[in-house]
Amino acid sequence: MKSLPKCTLVTPTYNWPEALELILISVKKQTILPNEMIIADDGSKAETTELIKKYQKDFPIPLIHIWHEDNDNQKPKIMNKAIAKASYEYIIEIDGDIILHPNFIEDHLTYAEKGFYLFGSRVNIQKSILKDIFEKKTTYFHLFSKGIKRRTRTLRIPLFMKFAKIYDKRSSKLRGCNMSFWKSDFIKINGFNESLVGWGIDDSEMIQRLHNIGINGKRLKNVGIAYHIHHKTQDKSNLEINFQIEKETTEKKITFIEKGINQYL
């Protein structure tokens with residue numbers, strides 16, 4: 001049996017402590033714990049800090065809170081700051097609205113391989129059950145759970161990974177809410193691009209640069225299961241600018257950007 005890499009779980013958050021608490025509960029229930037967890041906080045108010053302090057008291061691994069002042073959406077910057085502080089070789093990235101299946105960390109580590117990054121899909125938790133799951137602090141879902149979409153994705157079938165698809169180009173199915181990569185590869189491309197403005201494209205633009213240095217993707221199918229909590233649509237007013245940056249990254253095969261993680265190393 002291969003030895004598993006040591007890892008840091010990183011999640012961004014912004015003023016949604018109810019969702020963050022469900023993430024933290026689901027992390028505590030993992031079959032294999034990450035070696036540490038870093039919360040990349042894009043300027044949340046005191047309620048989020050208090051929640052993190054409460055969980056730090058008896059969390060089974062180091063729970064690190066990286067915060068900067070709220071200045072609109074600066075997710076690439078806070079993620080770079082967080083990953084710069086990561087102590088371990090492998091980074092597992094989720095979003096601040098993702099609940100982890102108990103085998104989530106185990107699956108990412110099992111299929112981690114040099115020369116690759118991993119990306120998985122998500123089961124959607126619908127708006128109709130949000131009040132209930134927040135009140136009951138629900139983190140367990142299954143094929144027949146009420147209020148979920150894409151329910152076949154709740155089925156964990158590791159056998160399917162014998163036929164895992166390799167991507168030498170960035171997939172349209174890529175979701176930054178569920179992916180993992182080697183910290184050394186991330187540093188080679190200088191991490192997330194802080195020239196991107198507002199919501200969107202930061203994950204896919206970063207992944208494009210991984211492809212540009214020869215790192216391929218591997219899709220997690222029916223493993224690495226994640227549940228996405230419904231939320232209102234984000235402000236997409238800057239998407240066109242970000243699309244242009246991503247297009248340039250793709251066409252010019254850009255590998256290293258100017259404003260990235262090197263500012264914090």
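Index from 1, following the sequence. Remember, predicted model here, so these are calculated numbers, not experimental data.
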Could you check if a side-chain atom of [X] sits within less than 4.5 angstrom of a side-chain atom of [Y], using non-hydrogen atoms only?
X: N216; Y: H211; value: yes
X: K77; Y: Q263; value: no
X: H101; Y: V123; value: no
X: F134; Y: I229; value: yes
X: V27; Y: P34; value: yes
X: N193; Y: M206; value: no
X: D107; Y: L220; value: no
X: T138; Y: K136; value: yes

Aromatic ring pairing [X]/[Y], orientation class (parallel under 30°, perpendicular over 60°, tilted between):
X: Y140; Y: H142; answer: tilted
X: F59; Y: Y55; answer: perpendicular
X: F181; Y: F186; answer: parallel

(request) Any chance you could lay out the side-chain contact (heavy atoms from CB on, under 4.5 Å) test for N222 and R156, step after step, and finish with the verdict? (result) CA-CA 5 Å; N222 290 98; R156 183 171 178 267; 6.0 Å; no
Common cluster, [X]/[Y], ILVMFWY with side-chain heavy-atom separation under 4.5 Å:
X: I133; Y: L100; value: yes
X: L196; Y: F256; value: no
X: Y111; Y: Y88; value: no
X: I98; Y: I25; value: yes
X: I99; Y: L24; value: yes

What's the shortest heavy-atom distance between [X] and [Y], and which atoms?
X: Q74; Y: E69; result: NE2-O, 3.7 Å
X: L109; Y: C7; result: CD2-CB, 3.7 Å
X: S204; Y: L174; result: CA-CD2, 3.8 Å
X: T139; Y: L22; result: CG2-O, 3.6 Å
X: S180; Y: H108; result: OG-ND1, 2.8 Å
X: N15; Y: S44; result: N-OG, 2.7 Å

(message) One thing to verify: whether D95 and R122 come together as a salt bridge, which I'm taking to mean a side-chain N less than 4.0 angstrom from a carboxylate O.
(response) no
(message) Looking at K54 and E50, is any side-chain nitrogen of the basic one under 4.0 Å from a carboxylate oxygen of the acidic one?
(response) no
Say you draw a straight line from [atom1] of [X] to [atom2] of [Y]; how long is it, rounded to the nearest 0.5 Å?
X: Q30; Y: I61; atom1: CD; atom2: CD1; answer: 9.0 Å
X: I105; Y: I94; atom1: CD1; atom2: CD1; answer: 7.5 Å
X: I125; Y: F141; atom1: CD1; atom2: CZ; answer: 3.5 Å
X: N178; Y: R219; atom1: CG; atom2: CZ; answer: 10.0 Å
X: T11; Y: M37; atom1: OG1; atom2: CE; answer: 5.5 Å
X: Y227; Y: D97; atom1: OH; atom2: CG; answer: 15.0 Å

(message) Just to verify, which of I38, V10, I83 counts as forming a side chain to side chain contact (heavy atoms under 4.5 Å, CB included) with I66?
(response) I38
(request) Compute whether any side-chain donor of one residue and acceptor of the other, for T249 and Q208, lie under 3.5 angstrom apart. (result) no
(message) Side chains of Y14 and N73 only: does a donor on one sit below 3.5 Å from an acceptor on the other?
(response) no
(request) Might you work through the salt bridge (charged side-chain N to carboxylate O under 4.0 Å, His left out) test for E194 and K81, ending with a clear yes or no? (result) CA-CA 11 Å; E194 295 180 19; K81 288 177 178 177; over 6 Å; no
(request) Report the residues that fulfil side chain to side chain donor-acceptor pair (under 3.5 Å) with T8, sequence neighbours left out, ordered by chain and then residue number. (result) E36
(request) Check side chain to side chain donor-acceptor pair (under 3.5 Å) between S145 and all other residues, then give those that pass, not counting sequence neighbours. (result) none
(request) Using atom types as modelled and distance alone, determine if a side-chain donor or acceptor of W182 lies under 3.5 Å from a backbone N or O of E113. (result) yes
(request) Answer yes or no: is there a donor N or O on one side and an acceptor on the other, between the side chain of N262 and the main chain of N190, under 3.5 Å? (result) no
(request) Verify side-chain contact (heavy atoms from CB on, under 4.5 Å) between I257 and E205, making sure each step is shown before the conclusion. (result) CA-CA 11 Å; I257 39 88; E205 194 275 341; 4.2 Å; yes
Does [X], at its [atom1] atom, have more than 12 non-hydrogen atoms belonging to other residues, nucleotides or ligands within less than 6.0 Å?
X: K85; atom1: NZ; value: no
X: E18; atom1: CD; value: yes
X: R151; atom1: CZ; value: yes

(request) Carefully, step by step, assess D203 and K75 under the rule salt bridge (charged side-chain N to carboxylate O under 4.0 Å, His left out). (result) CA-CA 10 Å; D203 291 302; K75 183 188 159 198; 3.0 Å; yes
(request) Take I245 and I201 through the side-chain contact (heavy atoms from CB on, under 4.5 Å) test and state the conclusion after the steps. (result) CA-CA 9 Å; I245 293 172; I201 311 300; over 6 Å; no
(message) My understanding is that only one of Y117, F119, F116 makes a ring pair (Phe, Tyr, Trp, His ring centres under 6.0 Å) with Y167; could you say which?
(response) F119
(request) Assess whether salt bridge (charged side-chain N to carboxylate O under 4.0 Å, His left out) is satisfied between D132 and K146, documenting all intermediate values. (result) CA-CA 11 Å; D132 189 59; K146 290 180 181 177; over 6 Å; no
(message) For a side-chain contact (heavy atoms from CB on, under 4.5 Å) check, start with the C-alpha distance between N35 and S87, then their side-chain angles and the critical distance, and finish with the verdict.
(response) CA-CA 9 Å; N35 297 90; S87 298; over 6 Å; no
